[in-house]
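First comes the structure, then the notes that go with it.
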Amino acid sequence: MKTPETSLFCADTKIKGDVYHQAQALHQGCTRCQACVSQCAFLQKNGTPGDIGASLLAGDTAVDPFACSLCNLCTAVCPARIAPESLFLEMRRQVMARNQRPNRRYAPILNYERRGSSRLFSWYHLPTGCDTVFFPGCTLPGTRPETTWSIYQQLKEQIPQLGMVLDCCHKPSHDLGRQDSFLTWFEDMREWLIRHGVRHIIVACPNCYKVFHGYGQGLTVQTAWELLAGDDIEPISSAIARGRITVHDPCPLRNHQDVHQAVRTILARLGLKIREMRHAKKYTICCGEGGSVGLVNPDMAGKWSEIRKMEAGDDLVVTYCAGCVGFLTRAGIKVVHLGDLLVNPAKALAGKAAVAGAPRTYLNRIRLKRRLQKAIKTCPETILPKKIEYNL
Ligand code: SF4
Ligand code: SF4
């Protein structure tokens, strides 16, 4: 079924601007080799990126860009080195630029973003001399406040002046094509951080990584896992670490080998035996949550988790994205978060890590904020930046 967004897109057959240029680049650059099509249910439904580009140029705009998970696997496998995902993101932007309001089925993710960025949930702490902050994102603190707290404490042992920022990176708006809103809100945060001396961001969420990496001019970004891989890590007792594990690399980090390696270093130091799945590292697949496809086209989103379930088999899956853990768990896959494994391996391997679901996640985030406020002696540099309020 077409979404209201698609219908509006179809109403104007004159594609223009970046969509036109992207369509032309795909039409001309794609050799129709099918390498990407064989990997992706969205392309199996719609044809090669070159054919999609040609159709758009011919005035046929029936393809629904909101069914593409923006996972970039097509780009990773493309021998012609073209980037089909860029076209679908541009199409989303064009649709959203025409619409006054997004599809109401996106309300849950946009409400989630709005709350994460509100005064109630956001919090900025910059100690004197701080040039590096931990930015754990929205989902990890909500689902795993204790793990978030422990990771912060471990990072502080390496960086005593480490600051903390609880806020949303606004990736939901970015991926839905709400580019003007995304740029306004993210730039407000980036500019404030730079102005207050921050130069380095440590993240625990792959989506935050992608946003800071792509848009955070003046800021470097690293995952917590890259820093923690260098710590002393106590091996798990062999009585607990039985069986094999496998790793689901989150798709926003497919091009970041240093992160893949750091995660595997941590797992090896914990004493866990890793079996790599067919789709791993650069060639990983989306868990199904990417691009918020599941909210408008759950069948398409489910195709990705079906593949993951088949590849994982009976092995326990370790991943380092709290969103992936949630989506894969709902698909019936045994999965644990790397942070939980680091903080309490016995509980995590026994499937007993404390993981909250909504609406408790919101309460957890407020409690974590209060805990941090109490534990950290407030200094004059701690200023809550002006948050731009916005309506859906
Ligand atoms: S970005 Fe992912 S879902 Fe979209 S076309 Fe490429 S492989 Fe398919
Ligand atoms: S892999 Fe590249 S060249 Fe081959 S069909 Fe896909 S986009 Fe075209």
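As the structure lists them, so they are numbered: ligands from 1, and atoms in each ligand from 1. Since this is a predicted model, take the numbers as computed values, not measurements. Note that these values count all heavy atoms, side chains included, but never hydrogens, waters or copies made by symmetry.
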Measure from the side-chain N and O atoms of R264 to the backbone N and O of H260, and report whether any donor-acceptor pair falls under 3.5 Å.
yes
Sub-4.0 Å atoms of ligand 1 with respect to non-hydrogen atoms of N72
1 (S), 2 (Fe)
Strictly under 6.0 Å, is that where the ring centroids of H213 and H256 end up?
yes
Near atom 2 (Fe) of ligand 2, which protein N/O/S atoms are found at less than 2.8 Å?
C78 SG
R365 to F121, cation-pi by 6.0 Å centre distance and 45° axis angle
yes
Atoms of ligand 1 close to W304 [distance to a heavy atom under 4.0 angstrom, numbered from 1]
3 (S)
Suppose I only count heavy atoms of L43 and a 4.0 Å limit; which atoms of ligand 1 are within that range?
5 (S)
Would you say the ring centroid of F88 lies under 6.0 angstrom from that of F42?
yes
Of the protein's non-hydrogen atoms, which lies at the shortest distance from atom 8 (Fe) of ligand 1, and what is that distance?
C40 SG, 2.4 Å
Side chain to side chain donor-acceptor pair (under 3.5 Å) between S173 and E113, worked out:
CA-CA 8 Å; S173 278; E113 178 184 47; 2.7 Å; yes
Closest to atom 2 (Fe) of ligand 1 among protein heavy atoms sits C71 SG, 2.3 Å
Nearest to atom 4 (Fe) of ligand 1, what protein heavy atom do you find, and at what distance?
C68 SG, 2.3 Å
Ring-face cation contact, Y283 with R254, 6.0 Å cut, 45° max:
no
